[in-house]
Amino acid sequence: MAPRKTQSKLSNRDPRYRPFDLSFGRELRELRLKSGMTQRKLADLLGTHQGYLNKVEVGTLPPPSGPVIAAMARVLGVQPEEFLALAGKI
């Protein structure tokens, strides 16, 4: 039996790895911390997972969809348009 071929995933240690633009994630983290919220609390309020928010904050994943960004903005007390613009959605 031949060995299975596995698709390799780039890790942050691979020189070809390029994280997404970090400005949205950094701003999300800063606003979350200013509001005194943990990633888990924000995730619960948004109906998503803490791990997902972590990956967005560190730039492993791109910013979420427009409706999710608007929900984040409402929860964090910022104008949705500003947050959407930062994510490049408008």
Side-chain angles (χ1 to χ4, degrees):
M1 185 170 173
R4 289 167 82 188
K5 289 185 179 181
T6 58
Q7 186 176 10
S8 67
K9 294 181 180 179
L10 295 179
S11 76
N12 59 358
R13 294 185 182 135
D14 190 309
R16 297 172 293 170
Y17 174 77
R18 296 288 181 259
F20 292 92
D21 180 15
L22 297 175
S23 58
F24 179 84
R26 285 181 182 148
E27 184 69 13
L28 173 61
R29 182 175 191 272
E30 186 176 314
L31 290 169
R32 178 181 58 75
L33 292 174
K34 280 183 183 178
S35 70
M37 248 185 264
T38 64
Q39 287 179 341
R40 183 168 309 277
K41 177 66 176 172
L42 180 57
D44 288 345
L45 291 171
L46 296 171
T48 190
H49 297 280
Q50 178 266 329
Y52 172 74
L53 289 178
N54 178 267
K55 289 177 182 179
V56 170
E57 285 186 3
V58 299
T60 305
L61 289 177
S65 67
V68 174
I69 292 172
M72 287 176 170
R74 283 190 296 275
V75 168
L76 295 171
V78 297
Q79 292 296 318
E81 294 79 16
E82 293 175 31
F83 225 31
L84 288 163
L86 183 62
K89 303 288 182 179
I90 57 170

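The two residues Y52 and P62 make their nearest non-hydrogen contact at OH-O, 4.5 Å. The two residues P63 and K89 have their closest heavy-atom pair at O-NZ, 3.9 Å. Nearest heavy-atom pair, R40 versus Q50, reported as atom, atom and distance to 0.1 Å: N-CG, 3.8 Å. Scanning all heavy atoms of the two residues, the minimum distance from I90 to E81 falls at CD1-O, 3.5 Å. Minimum heavy-atom separation, F24 to P64: CE2-CD, 3.7 Å. For the residue pair V78 and F83, the shortest heavy atom distance occurs at CG2-CG, 4.4 Å.
Rounding to the nearest 0.5 angstrom, the gap separating the OG1 atom in T60 from the CG atom in N54 is 7.5 Å. Rounding to the nearest 0.5 Å places CD of E57 at 8.0 Å from CG of L42. Atom CG of L84 sits about 11.0 Å away from atom CD of Q79, to the nearest 0.5 Å. Atom-to-atom distance recorded for I69:CD1 and R74:CZ is 11.5 Å, nearest 0.5 angstrom. Atom CE of M72 is separated from atom CD of E27 by 12.5 Å, given to the nearest 0.5 angstrom.
No path of Ile, Leu, Val, Met, Phe, Trp and Tyr side chains, each step under 4.5 Å between heavy atoms, connects L53 with L33, placing them in separate hydrophobic clusters.
Here R26 does not pair with E30 in a salt bridge; the nearest charged N to carboxylate O distance is not below 4.0 Å.
Taking the side chain as every heavy atom from C-beta outward, L76 and L28 approach each other to under 4.5 Å.
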